[in-house]
2 protein chains.
Amino acid sequence: MQSKTNHYNYNLDVLKFMKTNNPTQQAVVTTADKVFEKIQHAIVEGEIPSGSKISEPGLAKHYQISRSTLREALNRLEKCHLIERKANVGSRVVQCSIEGLLELYITREALEGMACRQAANNMSDEEISNMQAMLKIHAQTQELKDGTGYYQEEGNLDFHYKVILGSHNKQLIELICGQLYHLVRMYRCQFGMYSPRASRAFDEHSSIIQAIADRDGELAEMLMRRHIAASRKNIENKIAKEITQKEQTNIQLIKS
Amino acid sequence: MQSKTNHYNYNLDVLKFMKTNNPTQQAVVTTADKVFEKIQHAIVEGEIPSGSKISEPGLAKHYQISRSTLREALNRLEKCHLIERKANVGSRVVQCSIEGLLELYITREALEGMACRQAANNMSDEEISNMQAMLKIHAQTQELKDGTGYYQEEGNLDFHYKVILGSHNKQLIELICGQLYHLVRMYRCQFGMYSPRASRAFDEHSSIIQAIADRDGELAEMLMRRHIAASRKNIENKIAKEITQKEQTNIQLIKS
DNA sequence: TTAAGTGTTATTGTCGACAATTTAAGATAG
DNA sequence: CTATCTTAAATTGTCGACAATAACACTTAA
């Protein structure tokens, strides 16, 4: 559950993308906003450990701000489900868990599936051709860096964002981009997950865009749901494998 | 778009239900919590008009609290999408619109559909029989008050809540019950919508519970989605009818 | 008359201090 | 030695005041 910062500096690009392209993202002007982003980054990257208690006086001193300003930032962190607050007790960084990760995938499957259906209905022809162009770039880059799964991950987020924004549904956009995806990025960092399904994911993206271009909302939703479900099952298998490996190690340790 | 308080006092019951049965709902202890609930009620009922600007000094004086406490309450209102804030400008009550209502239904269809699927997988036998018992009570009460659509609406919320909680998915529960449903109740009040589909909705509820009892997640999701989509289309028709009526009235006014 | 610029007013963001509550430590009884 | 109660420390919630920003009214120039 260690953070792997060097593998995830693309987050900055994605964040910038969110800020410039996401209509629901408000500009960062106030100091509370800046501190919010700093803490958010620290939580996502695991610098502030998952599950740890947050000390208001401590953090306020660390960032050289008053407690009021910090509390404003904490409120926004709570809004995107990165921390949890209890009255008269305090805040804790959300506890990452396998169950939580799977629940997140379930929720994404529902929301992004519907977003994809709406995208098929509501995206403009221009938006669609933009996305097709993006996919071509991904294809080329993939040829260069095939197997690493690194850039593909960036492309993955990029792709999902474009689809979600293409739904033209403010409610969906806000829920997924404004709230859920902070948690997604946190899990990606904490569990060190870069997709080992790069080429398959690329094919799935192609099919989804095709369905959108055909204005086939029903198919588009189904494909997106399968795409996310496949990713979830991939994780489940990986975790199951890790567990059995650990068990075998334990058995060996007992034997020796 | 007037509020119809007398028709909606059942909201208190539902709120109580949320507090006692919803694991994500935290107890109200702090004064900010109390003020939050008061303002929330005022917004939902339309006492504070949809789209109106919120004056921090004004509201603070009105509720006899400091601005800090009020801002704490405003943050929670923002979390459940009842107000929108802009930096250095202020807060506005969310603007109710037909597009917003339809977007909300789309989102509910996605989330509650998936929650229903998960409920079929995860509900305990006891929970299921509880829900079946609840439905029987609804059937009896419906016989008594058939046609009013009033109590049925309470039952409707009750039913949906039970299904959502039955998903045992914290992420889904928090998103739907903790955030979305405040907006749902607001729209219900502001647009004065008590379901005119009482008996049909009851049948749909029955089928859904049956699918859950059969542990048929796929069918359960499909039925729930159709249930919500039917409600949405019902609204769409109603609105379309109202618009044509208005147009005809306008034509008559022009003629006279 | 309209447009841009300027000064005033009001609102929001931030701060430090105090009050209320919880947590921790220590003392006392069993 | 454990458990409970009491007291002390720390943390959170709330308050009022000040600073920074935006909205408004007014003046001036084109």
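Quick note on labels: first sequence line is chain A, next is B, and so on, each numbered from 1. All of these numbers come straight from a predicted model, not from anything done at the bench.
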Considering residues at least two apart in sequence or located in another chain, which fulfil the side-chain hydrogen bond (donor to acceptor under 3.5 Å, both in side chains) criterion with [X]?
X: Glu72(A); answer: Arg76(A), Arg85(B)
X: Ser66(A); answer: Thr69(A)
X: Glu84(B); answer: none

Hey, does the side chain of Ser52(A) reach the backbone of Val93(A) with a donor-acceptor pair shorter than 3.5 angstrom?
no
Can you confirm whether more than 12 heavy atoms, excluding those of Lys61(B), are under 6.0 Å from its NZ atom?
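Counting neighbours around NZ of Lys61(B), 12 or fewer heavy atoms of other residues, nucleotides or ligands fall under 6.0 Å, so no.
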Between Ser68(A) and Val89(A), which residue's closest nucleotide on DNA chain D lies nearer the 5′ terminus?
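Final value for this comparison: Val89(A).
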Which part of the nucleic acid does Leu70(B) contact within heavy-atom distance under 4.0 Å: base, sugar-phosphate only, or nothing?
nothing
Using a 4.0 Å cut-off to any heavy atom of chain A, which nucleotides of DNA chain D are the first and last in contact, reading 5' to 3'?
dT12(D) to dT14(D)
Specify the residues of residues 57-67 of chain B, ordered by number, for which at least one heavy atom lies under 4.0 angstrom from an atom of DNA chain C.
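Residues of residues 57-67 of chain B that come under 4.0 Å of DNA chain C are, in numerical order, Pro57(B), Arg67(B).
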Indicate whether the side chain of His168(A) and that of Gln118(A) have a donor and an acceptor atom separated by less than 3.5 Å.
no
Could you walk me through whether His160(B) and Glu112(B) pass the side-chain hydrogen bond (donor to acceptor under 3.5 Å, both in side chains) check?
CA-CA 8 Å; His160(B) 283 264; Glu112(B) 292 197 43; 2.6 Å; yes
Rounded to the nearest Å, what distance is computed from the CD1 atom of residue Ile54(B) to the P atom of nucleotide dT11(C)?
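Roughly 14 Å, once rounded to whole Å.
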Protein-nucleotides 6-9 of chain C N/O pairs under 3.5 Å:
none

